[in-house]
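Let me begin by handing over the structure; questions about it come next.
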Amino acid sequence: MKTVFGQIAAMGAIVVPALLAAPVAHAGKTLDGIRARGQVVCGVNTGLAGFAMADSSGKWSGLDVDVCRALAAAVLGDGKKVKYVPLDVPQRFTALQSGEVDVLSRNTTFSLARDASMGLHQTVVTYYDGQGFMVPAKSRIRSIRQLKGQTVCVQSGTTTEKNLADYSRANGLDIKPVMFEKVDAATAAYLAGRCTAFTTDASGLAALRSGVSQGAAMHTILPELISKEPLGPLVRRGDDEWFAVVKWVIYGLIEAEEYGVTKANADSLKSSSAHPVVQRMVGTSEDTGKLLGLDRDWLLRALKTTGNYGEIFERNVGQKSALGLSRGLNNLWSKQGLMYAFPIR
């Protein structure tokens with residue numbers, strides 16, 4: 001007859017493996033809806049070079065757009081199965097809250113208020129930015145301090161507007177904001193000479209300057225930044241499964257760069273790599289997809305569609321692109337940047 005201790009030990013032998021076995025995730029209502037319609041509905045900027053811009057034929061491109069394409073490839077098997085919904089600043093959060101879009105991938109800053117009070121989840125930072133200023137080169141202004149008492153064009157209803165007011169007050173600059181509801185109106189006013197300077201995220205300044213004739217010669221982006229602007233996609237609260245999918249697709253793109261998995265070699269590594277991390281990423285060994293309600297090739301498809309994070313960065317905003325931005329804070333953590341993916345395991 002077994003002792004009580006023996007019975008407990010025997011029960012433990014059964015329970016422990018059960019606890020260690022990874023459960024299969026349920027898809028969740030958002031992913032179910034995406035599969036039913038055959039599209040990821042993605043809220044994007046109305047037009048920001050390097051991040052989300054449609055060409056004359058309606059084809060979208062940009063860093064934020066590539067996130068949407070990677071998601072569609074992971075969950076639907078085809079990076080083209082995306083419906084892009086261009087959203088102005090006043091529309092963007094309402095569109096996500098109401099269910100008009102599945103994900104907001106629209107150069108949006110993560111902040112406490114947005115995370116805690118809007119019914120939204122911030123996912124993963126896809127671009128570390130900061131608020132800067134641009135002035136006409138002929139102005140000879142080379143520092144924000146020289147904007148004391150000057151007019152600055154800014155889009156209203158943004159963190160940019162609040163940062164400008166805070167910085168001006170904290171530093172006694174008495175900057176006079178000239179506010180516009182739409183960014184196009186703000187930039188047009190600046191280019192027309194109605195303001196001494198224009199302020200937005202530094203990446204947005206680079207995008208504006210790249211689209212202006214002789215931009216680099218005619219306009220100077222001041223070297224100082226006055227804020228931290230971590231940008232990335234948001235999803236609605238209440239669907240943890242979709243939240244997890246969006247997070248892990250982005251983490252997968254970042255980790256793939258760290259381990260040298262690219263758009264070009266992902267397929268060959270599936271059959272040739274002996275590295276355990278690479279094998280997990282390309283679906284050779286463990287089936288990580290079942291933890292997300294996806295199949296085992298979810299990340300492999302995303303990588304074959306967009307390439308890894310470094311490839312996405314360089315293609316859209318990097319030094320060989322029209323924006324010509326350096327990696328800086330957006331480099332991998334192992335290269336003195338802030339891009340640090342949670343491990344795929």
Note to self: Do M281 and Y251 land in one hydrophobic cluster if side-chain heavy atoms of ILVMFWY residues count as linked below 4.5 Å?
What the structure shows: yes

Item checked: Point-to-point distance, once rounded to the nearest 0.5 Å, from OG of S203 to CG of L48 -> 6.5 Å

Margin query: For S57 and D55: C-alpha separation, side-chain torsions, deciding distance, then whether side-chain hydrogen bond (donor to acceptor under 3.5 Å, both in side chains) applies.
Written below: CA-CA 5 Å; S57 65; D55 63 17; 2.8 Å; yes

Margin query: Let me confirm one number: the CG-CG distance from N107 to D201, rounded to the nearest 0.5 Å.
Written below: 7.0 Å

Margin query: Does K270 have more than 12 heavy atoms from other residues, nucleotides or ligands lying within 6.0 Å of its NZ?
Written below: yes

Margin query: Is there a path of hydrophobic side-chain contacts, each under 4.5 Å between heavy atoms, that joins V178 and L205?
Written below: no

Note to self: Is there a path of hydrophobic side-chain contacts, each under 4.5 Å between heavy atoms of I/L/V/M/F/W/Y residues, joining V101 to V67?
What the structure shows: yes

Check: Nearest 0.5 Å, what's the CZ-SG distance between F133 and C153?
Finding: 12.0 Å

Next item on the list: May I ask whether L225 and I221 are part of the same hydrophobic cluster, defined by side-chain heavy atoms of I, L, V, M, F, W, Y residues being less than 4.5 angstrom apart, directly or through others?
Entry: no

Checklist line | Candidate list D267, D295, D78, test salt bridge (Lys or Arg N to Asp or Glu O under 4.0 Å), partner R301, passing option | finding: D295

Check: Where do T123 and F110 come nearest, in terms of heavy atoms and distance?
Finding: N-CZ, 3.6 Å

Notebook entry, point to check: Taking all non-hydrogen atoms of both residues, which atom of L325 and which atom of A206 are closest, and how far apart?
Noted result: CD2-CB, 3.8 Å

Next item on the list: Answer yes or no: is there an ion pair linking D66 with R69, defined by an N-O contact shorter than 4.0 Å?
Entry: yes

Checklist line | For V135 against A197, the heavy-atom pair lying closest together | finding: CG1-CB, 3.7 Å

Next item on the list: Decide yes or no for F342 and V124: does some side-chain heavy atom of the first lie under 4.5 Å from some side-chain heavy atom of the second?
Entry: no

Next item on the list: Give a yes or no on whether R194 atom CZ has more than 12 heavy-atom contacts from other residues, nucleotides or ligands under 6.0 Å away.
Entry: no

Notebook entry, point to check: Rounded to the nearest 0.5 Å, how far does CD of E255 lie from CD1 of I250?
Noted result: 14.0 Å

Item checked: Least distance between heavy atoms, M134 atom then L208 atom -> CE-CD2, 3.3 Å

Item checked: More than 12 heavy atoms of other groups within 6.0 Å of K148 NZ -> no

Next item on the list: Would you indicate whether the side-chain heavy atoms of W242 and I34 approach each other to under 4.5 Å?
Entry: yes

Notebook entry, point to check: What heavy-atom pair brings T220 and R142 nearest, and what distance separates the two atoms?
Noted result: OG1-NH1, 4.1 Å

Margin query: Could you tell me if the side chain of V249 sits less than 4.5 Å from the side chain of W298, heavy atoms only?
Written below: yes

Next item on the list: Show your working on side-chain hydrogen bond (donor to acceptor under 3.5 Å, both in side chains) between E229 and S227 and close with a plain yes or no.
Entry: CA-CA 6 Å; E229 305 295 328; S227 70; 2.5 Å; yes

Check: Checking Q122 side chain against R114 main chain: does a donor-acceptor pair fall under 3.5 Å?
Finding: no

Margin query: For Q150, run the side-chain contact (heavy atoms from CB on, under 4.5 Å) check against T196, L173, I175 and tell me which one passes.
Written below: T196

Next item on the list: Decide yes or no on side-chain hydrogen bond (donor to acceptor under 3.5 Å, both in side chains) for E224 and S143, but give the supporting numbers first.
Entry: CA-CA 7 Å; E224 306 105 319; S143 170; 2.8 Å; yes

Checklist line | Exam field: side chain R106 to backbone T108, donor-acceptor pair closer than 3.5 Å | finding: no

Checklist line | Intermediate values then yes/no, side-chain contact (heavy atoms from CB on, under 4.5 Å), N45 and F51 | finding: CA-CA 8 Å; N45 200 300; F51 289 84; 5.9 Å; no

Item checked: Criterion side-chain contact (heavy atoms from CB on, under 4.5 Å) on N171 and R145, from CA distance to verdict -> CA-CA 9 Å; N171 292 278; R145 299 286 179 158; 3.0 Å; yes

Checklist line | The single option from T109, T158, T159, N163 passing side chain to side chain donor-acceptor pair (under 3.5 Å) against Q131 | finding: N163

Notebook entry, point to check: Are R236 and L96 side-chain neighbours, meaning at least one heavy-atom pair lies under 4.5 Å?
Noted result: yes

Margin query: Using modelled atom types and a 3.5 Å cut-off, is there a donor and acceptor pairing between side-chain atoms of E311 and backbone atoms of K263?
Written below: yes

Item checked: S105 side chain vs D64 backbone, donor-acceptor pair below 3.5 Å -> yes

Item checked: D174 CG to S168 OG distance, which is reported to the nearest 0.5 Å -> 6.0 Å

Notebook entry, point to check: Just by modelled atom types, is the V317 backbone N or O under 3.5 Å from a matching donor or acceptor in the S321 side chain?
Noted result: yes

Next item on the list: Answer yes or no: is there a side-chain heavy-atom contact under 4.5 Å between C195 and V152?
Entry: no

Notebook entry, point to check: Does the side chain of C68 reach to within under 4.5 Å of the side chain of V40, using non-hydrogen atoms?
Noted result: no

Margin query: Would E241 and L31 count as a side-chain contact (heavy atoms from CB on, under 4.5 Å) here? Give the steps.
Written below: CA-CA 8 Å; E241 291 80 11; L31 189 52; over 6 Å; no

Note to self: Would K247 pass as a cation-pi partner of F243, given that its NZ or CZ must be under 6.0 Å from the six-membered ring centre and within 45 degrees of the axis?
What the structure shows: yes

Notebook entry, point to check: Is Y128 close to M339 at the side-chain level, that is, under 4.5 Å between some pair of heavy atoms?
Noted result: yes

Notebook entry, point to check: Judged by atom type as modelled, is there a donor-acceptor pair below 3.5 Å linking the side chain of R296 to the main-chain atoms of S285?
Noted result: yes

Next item on the list: May I ask you to decide whether D115 forms a salt bridge with R237, counting only side-chain N to carboxylate O separations under 4.0 Å?
Entry: yes

Next item on the list: Any chance you could measure D297, atom CG, to K304, atom NZ, to the nearest 0.5 Å?
Entry: 8.0 Å

Next item on the list: Say whether, by atom type as modelled, one donor and one acceptor occur between the side chain of T262 and the main chain of N265 under 3.5 angstrom.
Entry: yes

Note to self: Quick one: does any side-chain atom of T306 pair with a main-chain N or O of L303 as donor and acceptor, under 3.5 Å?
What the structure shows: no

Check: Mind checking whether H219 and Y190 have parallel, tilted or perpendicular rings, split at 30° and 60°?
Finding: tilted

Notebook entry, point to check: Do any N or O atoms from the side chain of Q39 and from the backbone of K81 form a donor-acceptor pair under 3.5 angstrom?
Noted result: no

Checklist line | Aromatic plane relationship, Y84 with W60 - under 30° parallel, 30 to 60° tilted, over 60° perpendicular | finding: tilted

Check: Any idea which heavy atoms bring N308 and L253 closest together, and the distance?
Finding: CB-O, 3.4 Å

Check: Can I141 and L222 be said to form a side-chain contact (heavy atoms from CB on, under 4.5 Å), step by step?
Finding: CA-CA 8 Å; I141 294 173; L222 302 181; 4.3 Å; yes

Check: Cluster question for you: counting only ILVMFWY and a side-chain heavy-atom cut-off of under 4.5 Å, with indirect links fine, are V103 and L292 together?
Finding: yes

Check: Donor-acceptor pair, R327 side chain versus Q319 backbone, under 3.5 Å?
Finding: no

Check: Between M218 and V212, is any pair of side-chain heavy atoms under 4.5 Å apart?
Finding: no

